[in-house]
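Below is one structure, written out as structure tokens, with a few remarks after it.
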There are 2 protein chains.
Amino acid sequence: MRPLFHPAIEDVRPEAILHALADPGRAAMFAKIMQAGCVEACSAVASLGERVIPKSSLSNHIKVLREAGLIRSERHGTEVRNHSRWAEVEARFPGLLAGILNAYASDGGSGSCSTGPIDPR
Amino acid sequence: MRPLFHPAIEDVRPEAILHALADPGRAAMFAKIMQAGCVEACSAVASLGERVIPKSSLSNHIKVLREAGLIRSERHGTEVRNHSRWAEVEARFPGLLAGILNAYASDGGSGSCSTGPIDPR
DNA sequence: CCCATAGTTCGGAACTTCGGAACTTATGGA
DNA sequence: TCCATAAGTTCCGAAGTTCCGAACTATGGG
């Protein structure tokens with residue numbers, strides 16, 4: 001198993017973040033990781049709404065979030081814990097994440113993704 | 001030629017906006033349309049940096065921006081004029097566009113896209 | 001050692017994006 | 001009026017991306 005790759009914060013590109021969060025499912029995962037005290041096993045995030053996400057897709061979504069610089073993942077034994085990198089990303093691109101997550105939150109019921117109003121950490 | 005379709009502002013989805021702006025070229029077009037007094041023929045937007053964009057791709061990029069709800073296009077004789085819908089989008093998703101365009105702007109030279117700091121209209 | 005659990009990788013089907021060539025539509029002469 | 005030209009759009013094939021089931025690889029416990 002290859003070691004997990006994380007971009008340095010200064011290598012994080014806005015287009016990667018937008019692409020990662022342009023999927024409502026991924027945006028919901030990110031919101032959940034952020035709100036859950038910034039720690040979450042991959043599988044804990046596996047059901048969003050009605051939908052059960054297959055493991056392989058889940059693994060891939062998490063990878064997209066990680067490589068976009070949005071989360072940090074560490075292996076702990078057999079599981080992986082995910083932390084949001086909100087503070088770093090916020091310092092580099094102020095207002096970006098709040099704007100995006102609030103947009104999804106205010107879009108509300110109609111999207112597939114539930115996110116309360118934003119308040120990091 | 002089919003009449004141009006524009007979503008009503010309440011039908012605009014955050015994921016469509018993120019997807020549209022996840023392409024640095026499209027983000028640069030949008031920034032240009034906004035800054036150029038909100039009016040711009042498609043062809044006026046055709047050269048971004050070094051790159052000359054083929055007409056068919058350009059037409060498609062403009063369509064993506066339009067269908068995401070970011071711009072309004074009107075035919076005037078043989079050309080199409082594009083207006084940004086900043087105010088409407090800002091009212092629906094406060095802070096979203098500013099966050100995104102500022103992120104690209106502060107990413108600056110390294111991306112393929114030049115956008116000054118944001119100040120609508 | 002064997003099993004269960006948590007993730008990852010592989011590979012094919014379905015979808016999206018890119019760009020060249022052909023088409024449409026409007027305008028401005030001769 | 002008829003033709004030429006300019007601005008966009010559509011079509012379609014090649015290239016790339018995403019999704020998900022099946023097979024695989026760690027790790028920890030009994």
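Excluded from the calculations below are hydrogen atoms, water molecules and symmetry mates; all remaining heavy atoms, backbone and side chain alike, are included. Lettering follows sequence order; numbering is per chain, from 1. No experiment lies behind these values; they were computed from the predicted model shown.
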Here the distance between atom C1' of C:dG7 and atom CE of A:M29, to the nearest Å, is 14 Å
B:F93 and B:V12 have their tightest heavy-atom pair at CZ-O, 3.6 Å
In whole angstroms, the gap separating C1' of D:dT5 from CD of B:E79 amounts to 15 Å
From CZ of B:R66 across to C1' of D:dT9 the rounded distance in Å is 10 Å
The salt bridge (Lys or Arg N to Asp or Glu O under 4.0 Å) partners of A:R66 (sequence neighbours excluded) come to none
Charged N-O contact under 4.0 Å between B:E79 and B:R81:
yes
Hits for side chain to side chain donor-acceptor pair (under 3.5 Å) against B:E67, two or more places apart or cross-chain, chain-then-number order -> none
Between CD1 of A:I62 and P of C:dT8 the distance, given in whole Å, is 8 Å
note: A:E74, atom CD; C:dA6, atom P; distance rounded to Å ~ 18 Å
Between the protein and nucleotides 17-21 of chain C, which nitrogen or oxygen pairs come in under 3.5 angstrom?
residue	atom	partner	partner atom	Å
C:dT17	OP1	B:H19	NE2	2.9
C:dG19	OP1	B:R51	NH2	2.9
C:dG19	OP2	B:S57	OG	3.1
C:dG19	N7	B:S56	OG	3.2
C:dG20	N7	B:S56	OG	3.2
C:dG20	O6	B:S56	OG	3.0

Among D:dG8, D:dT9, C:dA26, the one nearest any side-chain atom of B:T78 is C:dA26
Point to revise | Distance-only side-chain donor-acceptor flag, B:H61 / B:R26, under 3.5 Å | key: yes
Rounded to whole Å, CG of B:L58 lies from P of D:dA6 at a distance of 17 Å
Practice problem: Would you confirm whether A:R92, through its side chain, and B:S106, through its main-chain N or O, come within 3.5 Å as a donor-acceptor pair? | Solution: no
Rounded to whole Å, CG of A:N82 lies from P of C:dA6 at a distance of 14 Å
Here the distance between atom P of C:dG7 and atom CG of A:L4, to the nearest Å, is 11 Å
